[in-house]
Amino acid sequence: MATKALNRTSVAEFVLRTPAVGPALALLVAIVAFALTTDTFLRLDNLSLVVQQSLVVGTLALGQTLVILTAGIDLANAATAVLGTLLMAKLVLTGAPAPLALLTGLVVAAGIGAATGGIVTSLRLPPFIVTLGTLTIVTAVSRIYADGQSFPVTDGLLGFLGTRQYLFGQVEVTVGMGVALAMFLVLWYALTRTAWGKHVYAVGNDPEAARLSGIHVRRTVLSVYLVAGIVYGIAAWQALGRVPNADPNAFQTGNLDSITAVVLGGTSLFGGRGSVLGTLVGALIVSVLRSGLTQAGIDSLYQDVATGVLVILAVAVDRFSRRRQR
Amino acid sequence: MTREPVLAARKLVKRYGKVTAIDGADFDLLPGEVLAVVGDNGAGKSSLIKALSGALVPDSGQILVDGNPVRFHGPLDARRAGIETVYQDLALAPAQDIASNLFLGRERRRPGLLGRVFRMLDSGGMRAEAERVLGDLGVRVKSMQQPVETLSGGQRQGVAVARAAAFGTRVVIMDEPTAALGVAEAARVLDLIGRIRDRGLPVVLISHNMPHVFEIADRIHVHRLGKRVALVSPRERTMNEVVGLITGALRMGENGQLEEVSTVARTGLTTRP
Amino acid sequence: MGQRRPHRTTTRGLALLATGAMLLTGAACTSQKAASSGGDSGGKIKIGLVTKTDSNPYFVELRESAKAEADKSGAELIALAGKFDGDNDGQVAALENLVQQGVKAILVTPSNSTGILGAIKQARDKGILVIALDTRTDPESAVDATLATDNTEAGRLEGQYVKAALGDRPPAVIMLDGTPGGTVDQQRHDGFLQGIGLAEGAPQILGAEPTNGDQNKAQQAMENLLQRNSSVNAVYNINEPAARGGQAALQARGLTDGVVVGAIDGGCQGVRDVQAGKYAVTVMQFPKKMAEQGVQAGVEFARTGKKLSGFVNTGAVVITDKPVPGVDSKDTAWGLQNCWG
Ligand SMILES: Nc1ncnc2c1ncn2[C@@H]1O[C@H](COP(=O)(O)OP(=O)(O)OP(=O)(O)O)[C@@H](O)[C@H]1O
Ligand SMILES: [Mg+2]
């Protein structure tokens with residue numbers, strides 16, 4: 001029948017247009033595989049853990065997604081979040097009220113984002129180089145500020161995102177999960193349902209075409225880095241909810257882990273294509289792999305091998321699908 | 001010519017390092033006319049219309065809209081003045097769908113609270129409008145949600161032309177809009193240019209296709225080495241004469257007569273100074 | 001359509017280099033000049049210190065004690081560090097740098113027991129006294145002397161304590177290890193197994209995961225290991241942050257009762273954790289002693305040419321408020337007076 005052929009092309013188109021479909025399938029395959037090979041993986045409490053373990057890197061990856069959509073890259077995101085955790089925790093320990101400490105952390109993270117965006121747009125430098133610089137600076141500032149210490153978090157507000165609740169007495173959920181979900185929804189809405197989102201994609205897709213179409217390219221890019229900075233600040237809060245201790249040495253590979261999640265989620269490093277939904281899936285893939293392989297008794301070094309192979313596959317798929325369309 | 005030009009330029013200059021892309025060019029577009037701009041590759045036609053559409057800021061010279069001097073700092077300024085442009089490389093975002101491209105940079109929001117507070121786009125409305133505009137032009141595509149990169153070259157050009165035609169209120173500029181088109185599609189674009197003129201909008205058409213130019217243009221602006229060297233009527237001049245002006249074999253005399261340049265130049269053995 | 005614009009091509013190339021970022025930042029080593037005040041350091045004895053990192057409180061203690069001791073004996077201390085644990089490259093650069101600056105003695109905590117032997121040899125060939133602090137080199141004769149905790153001994157003490165605390169319960173152990181390939185990490189791991197009386201790979205070991213001594217990673221590793229098997233009754237930790245992370249995961253599962261958790265380090269935060277009952281025991285080491293004795297040996301060498309040699313054990317002490325028979329220990333009050341950080 002004629003509709004059959006039509007259906008096939010529209011399915012192919014759907015997959016092309018919705019880059020999150022491939023990663024979602026990969027996630028499903030991984031879950032099914034671990035469900036079959038271990039008897040613990042599919043338990044509700046384990047699934048809840050998988051989500052909790054992906055919260056910090058997942059949040060960093062949401063901000064990273066925005067930057068990568070503009071054909072940029074942010075190497076300083078985890079370092080920014082770490083500085084955020086240090087500020088929040090140390091300020092409270094030195095007697096500042098918790099809401100003020102929290103706000104300071106968020107504002108500083110946003111400020112770092114805005115500064116990065118400002119340098120990228122006004123000096124027209126490649127984001128890779130600029131954020132390599134901010135990574136180095138922010139890490140050093142963190143260490144100077146921490147002075148060799150780590151700071152335990154005792155205050156309720158700072159650890160609030162770690163608060164646990166039980167749904168139906170069974171499923172463990174944390175406030176952090178809710179915050180991550182809300183953040184995802186807001187970003188998804190902004191990217192797909194507002195003019196700002198269309199501009200972000202257009203700028204990453206072809207900056208000159210975007211300029212000629214009357215889009216304020218610089219303003220858009222700057223806003224992306226600013227929003228990303230705020231997201232990293234929230235990642236800092238998430239981190240304190242997970243582990244109530246601010247440590248200048250935490251998340252040393254958080255930047256690369258977040259890029260991994262973004263790429264696994266099908267967002268193109270070349271900009272203009274991808275979605276926060278994909279990133280969510282990508283972050284889950286990483287923690288599903290880690291959890292599942294641990295429970296299958298596989299050495300952690302091999303877990304990294306698996307993740308690395310997936311990253312290369314994801315980039316290859318992106319490359320391949322783009323070449324076909326040229 | 002007593003009518004005031006809608007869009008004019010005086011002594012525009014634009015340099016890229018050692019290359020002078022616009023070299024003291026003048027330009028005049030009269031109300032309601034189709035003005036063809038012709039010239040060799042690299043003559044500076046695209047640069048000229050980029051200056052007129054705000055895509056580049058000239059080093060010196062003046063641009064006049066309805067006789068009033070203006071300064072365009074970006075494409076948005078020209079657009080606000082009602083000048084719409086189809087750029088030679090189309091300026092489309094390939095990964096985005098047709099409707100998004102048509103409304104790129106001027107997205108429509110939902111009415112009411114959703115639009116004002118939540119800034120929600122009126123995607124359905126924009127899609128319907130896109131469908132109507134493309135339909136008018138006879139650009140056939142499968143769906144408005146198709147990414148532009150999945151379209152053929154001609155379809156893409158159709159989208160870019162439709163965008164300019166739909167939003168232009170004072171001037172429509174088209175830089176080689178038929179370059180990638182088949183005979184039938186090109187004819188439709190020429191047809192559309194005619195209809196835009198009928199709406200009373202003047203059109204600037206850059207083209208290398210002499211038959212097209214002679215078919216549709218009211219006047220021909222000949223561009224050479226970064227400046228206007230002649231402004232002629234297709235009814236008074238032959239294609240050969242225009243080609244001669246383009247290559248520099250002929251030149252416009254003081255009194256509006258065409259005169260031959262030296263034989264060496266006519267054989268095309270010398271290049272630009 | 002749409003010509004590629006040069007800057008986009010550059011971005012693409014750079015984006016592919018993303019992985020190189022860590023290498024790039026890692027290559028440079030950080031430097032911290034802890035010279036005592038006063039402009040004319042020309043006549044002073046210069047002593048170099050190279051730690052694994054300069055952010056870990058343990059190494060901060062080492063550096064500050066060394067600086068204090070140097071000030072006391074009128075010497076100048078130049079403190080450098082690797083960028084991260086395992087940064088052999090950065091440490092080699094630091095050693096070379098110190099040789100250039102004409103130091104008389106170098107105190108170094110090698111990230112890896114064999115990773116920087118070449119640079120150490122070059123320094124010694126120039127007549128510089130090189131003393132390993134905290135971590136032994138392999139072979140030990142690669143340096144003039146070693147001032148360190150016997151990490152195998154520290155691990156053994158942790159293991160002996162855990163074994164005694166378990167009593168006649170058969171052990172079911174989870175091991176939160178340090179960095180794969182780290183010398184100290186391996187010594188503590190092996191020592192623990194000796195102390196508790198288990199062979200590597202014994203079925204009583206429910207699982208072992210590297211944590212890099214990071215609280216976050218330790219928590220995650222413990223969560224995942226517990227999903228596989230939650231019948232744990234003993235936990236080995238490479239250090240106190242790992243113990244905190246593992247403890248948080250145990251607590252979330254309500255598994256803290258009857259689980260004996262041990263740690264090593266003796267940082268003040270760790271001693272407070274033991275005091276608060278978060279875990280049973282920590283084995284304290286004494287970075288201050290290492291630093292002081294190291295600087296003294298350097299000054300002595302510069303003045304008299306006498307070289308310190310051999311292995312000097314700076315000791316390891318079990319800190320707990322629940323002493324067990326057969327294992328000597330001190331309580332947390334003593335611990336708080338002698339802790340570092
Ligand atoms: N961005 C730029 N940088 C440097 N040189 C430029 C730039 N844009 C145009 N030029 C130069 O300016 C001159 C005029 O170019 P322009 O594109 O305006 O010519 P054109 O008449 O449109 O040619 P064609 O018919 O091939 O489209 C050329 O020599 C070109 O190389
Ligand atoms: Mg051109």
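What you see is a predicted model, and the numbers here were worked out from it, not measured in a lab. Chain letters run A, B, ... following the sequence lines, proteins first and then strands; every chain starts at 1.
- Contact record, A/Asn205 with B/Ala93: OD1-C, 3.1 Å, taken as the closest heavy-atom pair.
- By the neighbour-count criterion of 12 heavy atoms within 6.0 Å, atom CZ of B/Arg15 is sparsely surrounded, having that number or fewer from other residues, nucleotides or ligands.
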How far apart are the C-alpha atoms of B/Gln96 and A/Tyr201, what are their side-chain angles, what is the distance that settles it, and do they pass the side chain to side chain contact (heavy atoms under 4.5 Å, CB included) test?
CA-CA 8 Å; B/Gln96 280 179 280; A/Tyr201 278 96; 4.0 Å; yes
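- For B/Phe118, the parts lying near chain A are the backbone and the side chain together; criterion is any non-hydrogen pair under 4.5 Å.
- The minimum heavy-atom distance linking B/Ser100 with A/Lys198 is given by the pair OG-NZ, 2.8 Å.
- Counting only distance, with no hydrogens or angles, the side chain of B/Arg79 and the backbone of A/Ser213 share a donor-acceptor pair below 3.5 Å.
- Although no hydrogens or angles enter the test, the distance criterion places a donor-acceptor pair under 3.5 Å between the side chain of A/Arg211 and the main chain of B/Ala55.
- In this structure, no portion of B/Arg109 lies under 4.5 Å from any heavy atom of chain A.
- Across B/Ala95 and A/Gly272, no two heavy atoms sit closer than the pair CB-O, 3.9 Å.
- For the set B/Arg119, B/Arg108, B/Met120, the entry with the most heavy-atom pairs within less than 4.5 Å of chain A is B/Met120.
- When all heavy atoms are compared, the tightest approach of A/Ile215 to B/Gly105 is CG1-CA, 4.0 Å.
- Taking OH of A/Tyr189 as the reference point, atom CG of B/Leu121 lies at 7.5 Å (rounded to 0.5 Å).
- Nearest heavy-atom pair, A/Asp206 versus B/Pro94, reported as atom, atom and distance to 0.1 Å: CB-CD, 4.4 Å.
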